[in-house]
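Below: one structure, written as structure tokens.
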Number of protein chains: 2
Amino acid sequence: MSAKQRELAVKLQKRIASGEFSEKGKLPTEDQLIEQYGVSRYCVRGAIAMLAAAGEVFPMRGSGVFVREDRAGNYMPIGTSYGIAADFPDRKVSSFVQELALIRADAELAHRMRCAEGDQVWRVVRLRSVDDQPISYETAWYLKEFVPYLNEEIARGSLYSYMRNDLGLSFGFDDKVIHMDWLTAEAARLLGLNEGDPAICIEDDAFLSNGRLFNASKNVYHYKNARFYSMAAMR
Amino acid sequence: MSAKQRELAVKLQKRIASGEFSEKGKLPTEDQLIEQYGVSRYCVRGAIAMLAAAGEVFPMRGSGVFVREDRAGNYMPIGTSYGIAADFPDRKVSSFVQELALIRADAELAHRMRCAEGDQVWRVVRLRSVDDQPISYETAWYLKEFVPYLNEEIARGSLYSYMRNDLGLSFGFDDKVIHMDWLTAEAARLLGLNEGDPAICIEDDAFLSNGRLFNASKNVYHYKNARFYSMAAMR
DNA sequence: TAGTGGTCTAGACCACAAA
DNA sequence: TTGTGGTCTAGACCACTAT
């Protein structure tokens, strides 16, 4: 979505959070927002669509755009279409780097990374925590072709924003596969669980806007601390 | 999304599946599609957005709309925004009704269903299978206020299409929470697993287009047979 | 430089909810 | 009947890719 729509979405989100609309339970009409912000209807509808995708509001034809009741809080988003999650950060995420190495892809990894065998790949293993609770054990691979340099300090922060802001990479889309898995001894130790405990596992393939895969990762999640939510229109 | 856009999306999907675009690797340009189908750019872009949300294509500014490589097949969609999944069915789903009863909501269920204690609720327990493999044990509740009648034959089929087509309900949105759980003896027996085995659990709250909850359900999934995918734009 | 998708505007009509 | 969001059109300009 465009910057203009995103800006408006953020402004409206703040007004929602302030409780400004809690009496009526709904936002101003589209026409009123057009006037209030001096933008076109296209822009207003784009912003509202973002808020709806994030579960903040639901538009009801003929009636208005209603603010949704608060959904319970301790969940992680899945399928963050339009990247709204990045715009409304409400959780503290920390990463503890366990391993950072430049390796060469074997046959299996090359297949996964859509690269040639022997190509250079960064391998990064991190323990991730949310609000100081261990949440997942992540193993990620990045093609050196697109990420020429990496160090532990960068990996402690947000690799995502490093790649976007410092490397100038532009992201396209990502695929996730969710399934059950079992903890390795190492993952269990770091998560404070036992080897062989079950875990929700998310495999993630991330692509640049030119369609090239640049990052694959495998996250195994703490079965007690990790809960995910997904919201969808059913129309 | 609108019917016109959905129709166009289905037509394009068929052309993609036929391999018509496999040489160039991309769709005709937006302007060409406008001419080919005699529709507006709004409509063309809506259809392409649906295909992109379903992971069929990815549009690349300045270059075209590319057909994506086939993603592996045996996964269930999660967060089916825009209901594309319903339009491109490629799996056989069967349901075996274990229980169907009209009950009255106790305090806990009333809270979950956003209804008053004592209100009438259908309780439906089904074993669901995909391509003849047991995939989940589902416990679902439907408010009698919105679903006045139900029987076993209906429950064997698609409750979703019954409610839409026969009862004329119009759906709004739904919330999912995904977490780990453990199988009960009954669920384990029906899934062919053992009591206490881990399971991915999805709690689903479904709302009508007027914002009223009409259905809540809890699905526990076979940890071997069930895999989910989710695709998202990262822009 | 030409071609293509992304954003944006202005305006029309339709479908539905509420008074 | 009125007001609201949903769909649709026509057209303009911008951002990016490819040549």
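Note on naming: letters A, B, ... go to the chains in the order of the sequence lines (proteins, then strands), and numbering restarts at 1 for each one.
Shown here are the side chain to side chain donor-acceptor pair (under 3.5 Å) partners of R156(B), two or more places apart in sequence or in another chain: there are none. Judged as a ring pair (Phe, Tyr, Trp, His ring centres under 6.0 Å), and not counting sequence neighbours, F21(B) has no contacts. Residues satisfying the side chain to side chain donor-acceptor pair (under 3.5 Å) criterion with K218(A), sequence neighbours excluded, are D181(A).
As a whole-Å value, the separation of E30(A) CD from dT7(D) C1' is 12 Å. The CZ atom of F58(B) sits 12 Å away from the P atom of dT17(D) (whole-angstrom rounding). Between L33(A) atom CG and dG5(D) atom C1' there is a gap of 12 Å when expressed in whole angstrom units. Following rounding to the nearest Å, I48(A) (CD1) and dG5(D) (C1') show an atom-to-atom distance of 9 Å. Between the NZ atom of K26(B) and the P atom of dT17(D) there is a distance of 13 Å, given to the nearest Å. dG3(C) atom P lies 12 Å from atom CD of Q32(B), rounded to whole Å. In this structure, D31(A) places its CG atom 16 Å from P of dT2(D), rounding to the nearest Å.
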Distances under 3.5 Å only, N/O to N/O: pair up the protein atoms with those of nucleotides 14-19 of chain C.
from: dA15(C); atom 1: O4'; to: R61(A); atom 2: NH1; distance (Å): 2.8

Quick one: which protein N/O atoms are closer than 3.5 Å to N/O atoms of nucleotides 9-12 of chain D? Pair and distance per line, please.
from: dT9(D); atom 1: OP1; to: K4(B); atom 2: NZ; distance (Å): 3.1
from: dT9(D); atom 1: OP2; to: S40(B); atom 2: N; distance (Å): 2.9
from: dT9(D); atom 1: OP2; to: S40(B); atom 2: OG; distance (Å): 2.1
from: dT9(D); atom 1: O5'; to: S40(B); atom 2: OG; distance (Å): 3.4
from: dA12(D); atom 1: N6; to: R41(B); atom 2: NH1; distance (Å): 3.1

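Taking the ring axis of F207(B) as reference, the NZ or CZ atom of R68(A) stays within 45° of it and closer than 6.0 Å to the ring centre.
In this structure, the side chain of W122(A) does not engage the main chain of L150(A) through any donor-acceptor pair within 3.5 Å.
Look at Q5(A) and you won't find any side-chain N or O under 4.0 angstrom from OP1 or OP2 of dG6(C). For R45(B), a side-chain nitrogen or oxygen approaches OP1 or OP2 of dG6(C) to under 4.0 Å.
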Side-chain atoms of residues 41-50 of chain A: list all donor-acceptor pairs with protein atoms under 3.5 Å, sequence neighbours left out, distances to 0.1 Å.
from: R41(A); atom 1: NE; to: E30(A); atom 2: OE1; distance (Å): 2.7
from: R41(A); atom 1: NH2; to: E30(A); atom 2: OE1; distance (Å): 2.9
from: R45(A); atom 1: NH1; to: E30(A); atom 2: OE2; distance (Å): 2.9

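Taking the side chain as every heavy atom from C-beta outward, L8(B) and Y37(B) approach each other to under 4.5 Å.
Side chain to side chain, R128(A) and S136(A) fail the donor-acceptor criterion of an N or O pair below 3.5 Å. In summary, the side chains of S217(A) and D204(A) do not present any donor paired with an acceptor at a separation below 3.5 Å, with no hydrogens or angles considered.
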